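For reference, the structure discussed in these notes is given below.
These figures come from a predicted structure and were not determined experimentally.
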Amino acid sequence: MATIRQAINETIERVRIPTPTRLRDLIRQIRAARTAAEERAVVNRECAYIRSTFREEDSVWRCRNIAKLLYIHMLGYPAHFGQLECLKLTASPRFTDKRIGYLGAMLLLDERQDVHLLITNCLKNDLNSPTQFVVGLALCTLGAIASPEMARDLAGEVEKLMRSPNAYIRKKAALCAFRIIKRVPELMEIFLPATRSLLNEKNHGILIAGVTLITEMCEKSSDTLNHFKKIVPNLVRILKNLILAGYSPEHDVSGVSDPFLQVKILRLLRILGHNDPDASEAMNDILAQVATNTETSKNVGNTILYETVLSIMDIKSEGGLRVLAVNILGRFLLNSDKNIRYVALNTLLRTVHADISAVQRHRTTILECLKDPDVSIRRRAMELSFALINSQNIRAMSKELLVFLEKADPEFKAQCSSRMVHVAERYATSIRWRLDTLLSVLIAAGNYVRDDVVSSTIHLILNSPPEEQAYIGLRLWSSVHNVANSEEKQPLLQVAVWTIGEYGDLLLSSERIEEHQLVDIYQRLLWSTSVSTTTKQYALVSLAKLSTRIRTKEEETRVKQMIEAFGSHLNIDLQQRGVEFAQLFRDYSHLRPALLEKMPKIQKTLPNGTDAEGGGFDDQQPTIDLIEGGDDGDSSLMINTSGGMVGKMGSDSRALLDLLGGGDDPIDGLALTPTADVLISGSTTATTNGKSVVGGAPLPPTTGNNQDLLDLLGSLDMPASTPPAAVNSSLGASTPVLGGIGLDLNSLNDNSIKNGTGGPNLLANSSSFGGLDNLLNSNLSPTTMPTTMPAMLPGLGSPLGSGLGSLTSPTSPTGLVSTNGTTGSLFSDFSAAVINNNDEHAKLLTALDKNGILVQLSAKHTGGALQILMTATNNSLTTLEQYLFQAAVPRSFSLQMLSPSGSTLPPGGTITQEMRVTSTAKATLRMRLRISYQSDGNPVQEQTEVSGFPEEPTE
């Protein structure tokens with residue numbers, strides 16, 4: 001009777017309330033709108049009507065209105081006002097209302113809304129419903145919107161349903177358990193007993209759900225992984241039945257029996273067999289059967305073979321099985337579908353380290369992929385080709401890659417050229433072949449060459465034997481002489497002019513080139529409007545050096561006129577170089593041969609303490625750390641002396657003071673005497689029989705054991721450790737003394753220089769530091785020195801450096817003076833602290849070790865501040881570009897950072913950056929880091945926090 005009364009009331013309500021628009025009619029109206037404004041008008045009108053029906057508690061058409069509201073939500077319009085109405089529908093006894101209500105709950109509710117908690121009780125009731133479809137709706141909704149609190153409340157109900165006799169409910173419950181574990185991993189133990197029984201099911205839907213659930217559990221917990229290793233025989237049996245089973249219309253897809261279940265099982269086997277020889281042994285045979293029996297003519301078969309290959313490569317499989325997997329990928333490379341070819345190249349690149357000899361058999365096919373029209377395939381083929389290079393195939397592979405580089409798109413040229421330099425350095429069979437390869441790279445890549453290629457080429461030429469220097473000089477001359485579009489090959493011009501200026505005498509001695517031809521090519525480059533400013537800087541310095549290699553006065557006069565012309569150049573850097581070099585032709589021509597001599601060989605050392613040739617640090621010998629500079633291509637030379645001791649100056653080096661016109665003793669000119677300590681004492685300094693004496697006592701002469709580590713200025717042989725000197729006390733306690741070597745030549749007369757009679761007064765009276773100071777770029781300023789204290793001769797820097805191998809020293813500090821009895825460092829203040837990772841007094845902290853990039857901080861207290869050296873190492877197979885290291889410290893600390901050594905990390909490459917942290921209050925240092933870079937064009941950003949820095953030592 002009550003049912004009849006309810007039906008009559010609903011009929012009366014339908015008659016009294018106008019029928020709302022049906023969903024299909026709303027869709028037609030929205031699609032018929034010609035503009036966005038018309039569409040918004042239709043949506044707003046319908047939303048207003050739906051709101052009014054919600055306010056009137058219209059229960060008759062609530063289901064239809066929620067369905068329309070969900071469609072409006074899918075179009076991107078706000079529909080949050082329907083959340084409570086969805087809850088009312090889920091509480092309805094009718095299945096059609098529940099279906100729309102739960103669908104609305106999944107779309108409109110999230111755990112940030114308080115309404116979300118109100119649905120928990122409704123879900124619990126429906127999970128116990130006798131109707132399987134209502135239970136399925138509740139399980140789907142719980143899996144979609146479960147918050148941690150809701151999952152904890154209802155996990156027990158789901159576990160009971162996993163044991164239900166109904167296969168439909170068991171499948172839905174297993175999938176819901178998978179979503180719950182994904183959100184709340186600690187609930188895993190509740191589902192363990194019921195999970196294993198799922199593998200005994202005959203229903204493929206339950207099997208897929210069970211395998212998916214076990215896979216998630218194994219990935220979340222290592223203990224669960226060990227627990228499920230016992231099911232490997234069961235998985236092997238299921239997979240074998242799928243392969244050997246006959247045709248089954250219910251599960252057949254393109255002739256393959258249930259490929260979805262096969263893929264799921266193969267993935268779970270890969271996880272269970274990883275680093276487990278016993279489990280791997282149990283699955284070797286079935287993997288071989290899958291690899292040999294699967295049909296490859298359809299994409300379904302290729303999918304299964306791809307998962308099989310991944311499983312073989314990830315477990316402890318047999319060698320023959322790995323060869324079979326690589327051969328499958330080789331067949332993929334011949335497939336006409338470019339997606340399959342890309343997958344094959346990507347997989348080979350990830351697994352090449354496992355069996356490189358098997359991959360080498362497909363080298364020809366891989367090289368053919370370099371010509372593929374698809375840009376993604378060409379990129380992966382290029383990366384895989386570089387991964388296959390070794391000492392046996394370096395020549396053949398380089399020839400193919402150079403052909404690719406010449407025709408490659410601009411986006412490939414930078415990365416390809418840098419990696420060519422890297423492999424040539426690692427596997428070169430001879431110096432000449434390596435020189436020819438680098439020259440070919442410069443010609444093929446043009447302006448897309450990175451700065452590291454230019455610096456590596458110059459470094460190689462610098463350390464080559466004289467006959468190879470003459471050979472490459474002639475080849476570079478021929479390349480520059482015949483270059484058609486010079487503006488497209490600036491890096492080639494930079495290397496060429498550096499080499500010609502440095503080794504012009506070797507080129508002229510070959511009698512193939514006349515002096516006027518060399519000068520003509522420089523005139524053409526310097527006067528060209530298509531040549532960049534950087535190349536002109538190289539050329540101007542190179543031309544100055546060439547002036548000491550040519551012999552005819554006529555050509556030397558031409559060189560002088562060309563250099564003087566740049567004294568009024570609009571570019572300030574070129575103007576400065578022109579003015580300073582012109583002084584060397586006029587007033588100080590006697591210094592020019594010494595200043596512009598050939599550079600010595602410079603050993604390049606890596607931040608980990610090994611040099612470029614593979615050697616290590618010697619604890620007894622001074623070393624040079626060559627930390628390459630920023631994006632401008634310049635580099636910084638940091639000099640590090642082992643043991644912190646002050647070394648000796650070789651008598652044959654003539655060094656700094658000989659440039660200013662000293663006598664036979666290289667330091668007579670400034671009355672400086674090499675001693676074990678630098679003393680500015682009250683006694684007088686005199687010269688007796690060619691020996692300097694302090695206070696009447698002769699001092700030992702300089703030792704001839706010198707090591708030429710740095711020679712930026714011709715005959716300047718700077719040893720790794722510079723000796724101190726005793727200076728005449730007539731300077732007085734407050735007399736300004738140079739913190740460096742640069743002097744203003746305008747403040748000195750020629751006689752004092754040429755006769756070596758400048759002495760200490762010459763130093764004290766030099767109030768301006770221009771002239772040679774600018775030439776040496778020492779950035780000096782006078783400082784006041786007490787009567788007795790040690791002093792150091794700082795390192796030299798020079799604007800010549802950008803032309804002399806792109807090597808310039810850091811800015812020299814002013815007044816390198818120590819008031820205690822110890823010796824100072826060669827570079828004080830910020831540039832002084834070069835911390836090697838193998839320094840026993842430095843603390844090494846790992847800031848980041850992820851995705852193949854390792855960032856380490858080496859920290860050490862020096863001079864009242866914490867000196868930190870950041871070293872980033874790329875252990876991956878891809879080049880990382882636009883590398884940026886950012887650091888922040890608390891307000892009680894002050895942070896200073898030098899420029900990084902570069903912004904590009906090739907495979908195996910490193911970037912270094914120095915930092916200095918000073919404390920303004922007593923606090924513990926914590927440093928927050930942000931590291932960003934691009935990998936294969938995809939931006940990556942990592943954030944981390946580092947603590948545990950060494951505490952400042954107490955006095």
Is it true that, when you exclude Tyr77 itself, more than 12 heavy atoms of the residues, nucleotides or ligands shown sit nearer than 6.0 Å to its OH? yes

When rounded to the nearest 0.5 angstrom, what distance separates CZ in Phe228 from OG in Ser221? 10.0 Å

At their closest point, which heavy atom of Leu287 faces which heavy atom of Ser311, and how far apart are they? CD2-CB, 4.2 Å

Do Ile328 and Ile312 make a side-chain contact, defined as non-hydrogen atoms from C-beta onward lying under 4.5 Å apart? no

If you round to the nearest 0.5 Å, how far is CG of Leu207 from CG of Asp258? 8.5 Å

Supply the atom-to-atom distance Arg170 CZ to Ile206 CD1, rounded to the nearest 0.5 angstrom. 4.0 Å

Could you tell me whether Arg322 atom CZ has more than 12 heavy atoms of other residues or ligands within 6.0 Å of it? yes

Measuring only between side-chain heavy atoms, which start at C-beta, is Tyr49 closer than 4.5 Å to Asn65? yes

Phe95 vs Phe133 aromatic rings, parallel, tilted or perpendicular, using cut-offs 30° and 60°? perpendicular

Quick check on Gln132: does its CD atom have over 12 non-hydrogen neighbours (other residues, nucleotides or ligands) under 6.0 Å away? yes

Quick one: do the Asp153 and Thr120 side chains pair a donor with an acceptor below 3.5 Å? no

For a side chain to side chain contact (heavy atoms under 4.5 Å, CB included) with Gln29, tell me which candidate from Arg45, Glu39, Glu38 qualifies. Arg45

Show, in sequence, the C-alpha distance, side-chain angles and deciding distance for Phe81 and Ile50, and conclude whether the side-chain contact (heavy atoms from CB on, under 4.5 Å) test is met. CA-CA 10 Å; Phe81 56 88; Ile50 294 174; 4.2 Å; yes

Side chains of Ile286 and Met283: closer than 4.5 Å at any heavy-atom pair? yes

With a 6.0 Å cut-off (strictly less than), is the heavy-atom count around CZ of Arg237, excluding the residue itself, greater than 12? yes

Please evaluate residues Leu123 and Tyr102 with respect to the criterion side-chain contact (heavy atoms from CB on, under 4.5 Å), reporting the C-alpha separation (whole Å), side-chain torsions for both, the decisive distance (0.1 Å), and the verdict. CA-CA 10 Å; Leu123 285 171; Tyr102 279 126; 3.5 Å; yes

Short N-O contact, Arg341 and Asp372, less than 4.0 angstrom: yes

Heavy-atom check, side chain of Ile180 versus side chain of Leu154, under 4.5 Å: no

What I'd like to find out is whether the side chain of Val43 reaches to under 4.5 Å of the side chain of Tyr71, using heavy atoms alone. no

Are the side chains of Asn284 and Ile315 in touch, meaning some heavy atoms are under 4.5 Å apart? yes

Step by step, work out the side-chain contact (heavy atoms from CB on, under 4.5 Å) result for Phe54 and Ile66. CA-CA 10 Å; Phe54 288 165; Ile66 289 295; 3.7 Å; yes

Sole residue of Glu281, Lys316, Lys229 in side chain to side chain contact (heavy atoms under 4.5 Å, CB included) with Asp276: Lys229

Kindly write out the residues that satisfy side chain to side chain contact (heavy atoms under 4.5 Å, CB included) with Ala288, not counting sequence neighbours, or none if the list is empty. Leu321

Measuring from Leu142:CG to Ile119:CD1, what's the distance to the nearest 0.5 Å? 9.5 Å

Taking atom CD as the centre, does Glu250 end up with more than 12 heavy-atom neighbours from other residues, nucleotides or ligands that are less than 6.0 angstrom away? no

Strictly distance-based, threshold 3.5 Å: is any side-chain N or O of Thr351 a donor or acceptor partner for the main-chain N or O of Ala354? no

Side chains of Leu310 and Arg350 in contact at under 4.5 Å (non-hydrogen atoms): yes

Charged N to carboxylate O under 4.0 angstrom, Lys171 versus Glu201? no

Output for pair (Ile238 CD1, Asn200 CG), nearest 0.5 Å, gives 7.5 Å

Does the side-chain contact (heavy atoms from CB on, under 4.5 Å) test come out yes or no for Leu109 and Cys86, once each step is laid out? CA-CA 9 Å; Leu109 296 184; Cys86 291; 5.9 Å; no

Can we say Arg380 and Asp936 salt-bridge, meaning some charged N sits less than 4.0 Å from an Asp/Glu carboxylate O? yes

Sub-4.5 Å side-chain heavy-atom contact between Phe191 and Val158: yes

Nearest-0.5 Å distance, CD1 of residue Ile231 to OG1 of residue Thr195: 9.5 Å

Between Arg152 and Glu149, is there a side-chain N and carboxylate O pair less than 4.0 Å apart? no

